[in-house]
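In what follows, chains carry the letters A, B, and so on, assigned in the order in which the sequence lines appear, proteins first and then strands, with residues in each chain numbered from 1.
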There are 4 protein chains.
Amino acid sequence: MNESRRSERARTAILTATGELIAELPYPKLTVEAIAARAGVGKQTIYRWWPSRGAVVLDAMLERDAPAELPDTGDLRADLRPLLRGAVAALTDPVADGFLRAMYVEIQQDPALAREYRERLLLPQRAAVAARLAGALPPGADTELAVDLLLGPVQMRWALGLGGLTAEYADAALEAALAFLLPE
Amino acid sequence: MNESRRSERARTAILTATGELIAELPYPKLTVEAIAARAGVGKQTIYRWWPSRGAVVLDAMLERDAPAELPDTGDLRADLRPLLRGAVAALTDPVADGFLRAMYVEIQQDPALAREYRERLLLPQRAAVAARLAGALPPGADTELAVDLLLGPVQMRWALGLGGLTAEYADAALEAALAFLLPE
Amino acid sequence: MNESRRSERARTAILTATGELIAELPYPKLTVEAIAARAGVGKQTIYRWWPSRGAVVLDAMLERDAPAELPDTGDLRADLRPLLRGAVAALTDPVADGFLRAMYVEIQQDPALAREYRERLLLPQRAAVAARLAGALPPGADTELAVDLLLGPVQMRWALGLGGLTAEYADAALEAALAFLLPE
Amino acid sequence: MNESRRSERARTAILTATGELIAELPYPKLTVEAIAARAGVGKQTIYRWWPSRGAVVLDAMLERDAPAELPDTGDLRADLRPLLRGAVAALTDPVADGFLRAMYVEIQQDPALAREYRERLLLPQRAAVAARLAGALPPGADTELAVDLLLGPVQMRWALGLGGLTAEYADAALEAALAFLLPE
DNA sequence: ATGTAATCGAGACGGTACGTCACGTCTTGTT
DNA sequence: AACAAGACGTGACGTACCGTCTCGATTACAT
């Protein structure tokens, strides 16, 4: 597919419309037709450039926030605290929450999209965390497991709708993980 | 609705058919019509007793496995190890994996169903774990957070398709959590 | 089927409800379930005694008006005028109109019911007219055709919704037919 | 609705399928789904262009036969005889009979469709007859009534399933009407 | 007068069709 | 060639009724 002729106007309108509708509608009503109508675009223009609704959502998500880097002040606790607090803040924000729930729905049903999501969004985010952890952990420690331990609790509470996603919980989860990350 | 006239035959056929189809079909093809056809039942009989496809899936899931209790041998590590190994085993089994992914899809889109799922399946399971933890943890510890720390890593790897769900990972995750659960 | 045990209460309620609903609802909404609900009767009680909705309507119709006899004053014109005027009056009355349109719908689709309708309602009515005509017509005249000529115009205008069903039209149609019925 | 994009292929297939099914099936089985299936067309394509099953049937009918004109040889009897004979022939033909009974069912239940039927099919046919009658009748005669008198008998026998629809009956009905149409 | 069997109100059941929605493909001009 | 527009074949939705089938509860007849 020759992308040189692609209309940037249409691409932007589609991703913008998707973001707006994610915030406005329950996810099952976020149809391709709704996106096309809101974007003032033909359905074919969507299907020409994306294989599925989920792929559009993923691109719309990527358009919003690039994976950030973690600071390294030497104080792991201090460096990680904003990470976890930021996570609960994002999972509490209606738009970010909407995007993430949408992605969760899609990746459970579409392995190809799951792969895309992992490689373009998830793994870079985890790599940034892992990079910061790597230096601080005892040699031989399993960095991947460390990331899981750090983020798993917050992610689980959010995914299962268990509530309690506050800054206090973020700090407590951090302390719990640090028992493993920084023994003694 | 008077349930006394309800056909046990139809109810069982519906839940059984749902379980079979979960194992056979990609989830988006698990339609109410497919369930009705497989069960030899009219669609109305499904809609009469369940408000949505997700509610049927939840009941089919509950029909399969009741929440189990945890043993208490006094050795927390020994008692928890089969729990985590069992979790990765279940998340690796095609049928249980299919059911769980289905529930994940549904609860992200239907808060009422999410509530049902939590109260009837999730919280009892967590309560069983929490009960075993309660006695072993230092006084004042946050039992809920302890459960999150224990199960979060496994759950996250599964939900995001990160792979690596082996018995070894289960054991490693347990050890990591124990750093917090059993300090020293 | 032993009719001795039949509940007269239920039978009356069904036929009454049918008449009420014919007047209240567009015919496609006159369902067996609606009749049963209005009559406070189980559906089975209807199906036990009537083979179809149309049969119920026919019985409800017969319950309302028995075929009348025609007077014979010796003056054919004077004897027939109230017949035709009565016809347009009935076809203009909402309830009678509703019943008749219902029967028209049913007999076009159900030959067995059409036969019932003819034998129990239509032919007796026509026979009454024919009896009055028989004496007045010239010998050898086709009485059946005479009845058709007399009633056909009014029936056609009504069945096809052509309008113009007034007492004046009734009289004019009578005069037109009399040109054949009473030559000279 | 912009008709320029309408698929002539689909339109033709739908009307053809309707005609075939009218001849093959009892009318209550002539469902929109059956038409769509036979025509190889989506249901929505039918609902996009017609408001109801009856409207499709009307269009299918109009596709078959345009209202013809009556000859004027100066001999009214000779000009009308083929009209009535043609009418009984049509009402005896299974396909034409099927179409007409279908229309009768529909127009009794749907006033809007009845209006369509009248204006697009019935009134033009009647106007053709009226035009031929107008010149032949005595001045001041009611042409509409004349048409009713001519066609009413045949129509009534057909609508009520009274039988006897033969060429002989057509001729006899013509003679009876002529007693009024051509006095003396 | 009393058991017993048919009828009753109620409504669940397996079905069929409804009319609608959205899918992903296609066709038709326009830019 | 990509675009906006939207018709197309397809398939599922959730609802309405169909005619049949259980369920007790209630008659009314035959013992």
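- Counting only heavy atoms from C-beta outward, the side chains of C/R64 and C/V95 approach each other to under 4.5 Å.
- To the nearest angstrom, C1' of E/dT28 lies 16 Å from CD of D/E8.
- Checking C/D97 against C/W158 by side-chain atom types alone, a donor-acceptor pair falls below 3.5 Å.
- Following rounding to the nearest Å, D/K29 (NZ) and E/dT16 (P) show an atom-to-atom distance of 9 Å.
- If you check F/dC8, E/dG24, E/dC26 against the side chain of A/V32, the one that comes closest is E/dG24.
- Judged by atom type and distance alone, B/K43 reaches the base of F/dG14 through a side-chain donor-acceptor pair under 3.5 Å.
- Mapping C/A37 and D/R53 onto DNA chain E via the closest heavy atom, the residue that lands nearer the 5' end is C/A37.
- The distance between atom CD1 of A/I46 and atom C1' of E/dC23, rounded to the nearest whole Å, is 12 Å.
- No more than 12 heavy atoms of other residues, nucleotides or ligands sit less than 6.0 Å from atom CZ of A/R115.
- For the pair D/R11 and C/S52, both in contact range of DNA chain F, the more 5′-proximal nearest nucleotide belongs to D/R11.
- The separation between D/E33 atom CD and E/dT20 atom C1' is 12 Å, rounded to whole Å.
- Taking atom OH of C/Y27 as the reference point, atom P of F/dC17 lies 14 Å away to the nearest angstrom.
- For the residue pair B/I22 and B/A102, the shortest heavy atom distance occurs at CD1-CB, 3.9 Å.
- Residue C/A10 has its side chain nearest to E/dG9 when only F/dA7, E/dC13, E/dG9 are considered.
- Place D/A34 and B/V41 on DNA chain E by their nearest nucleotides, and B/V41 ends up nearer the 5' end.
- For A/T45, a side-chain nitrogen or oxygen approaches OP1 or OP2 of F/dA4 to under 4.0 Å.
- At a threshold of 4.0 angstrom between heavy atoms, the contacts of A/R9 are confined to the sugar-phosphate backbone, with no base atom among them.
- Here CZ of D/R118 is found 10.5 Å from CD of D/E116. Values are rounded to the nearest 0.5 Å.
- Following rounding to the nearest Å, B/Q109 (CD) and F/dC13 (P) show an atom-to-atom distance of 14 Å.
- Side-chain N/O atoms of B/R48 include one lying less than 4.0 angstrom from OP1 or OP2 on E/dC13.
- Remark: D/W49 is in phosphate contact with F/dC8, judged by side-chain N or O atoms under 4.0 Å from OP1 or OP2.
- Atom C1' of nucleotide F/dA5 and atom CD1 of A/I14 are separated by 14 Å, given to the nearest angstrom.
- Between A/R5 atom CZ and F/dA2 atom C1' the separation is 7 Å, expressed in whole Å.
- Salt bridge absent: C/E33 and C/R53 never bring a charged side-chain N and a carboxylate O closer than 4.0 Å.
- Comparing atom distances between the B/Y47 side chain and each of F/dC3, F/dT15, E/dG24 picks out F/dT15 as nearest.
- Among E/dG14, F/dC3, E/dC13, the nucleotide with an atom closest to any side-chain atom of B/R6 is E/dC13.
- The B/Q44 side chain lies nearest to F/dC17 when the options are F/dC17, E/dA17, F/dC3.
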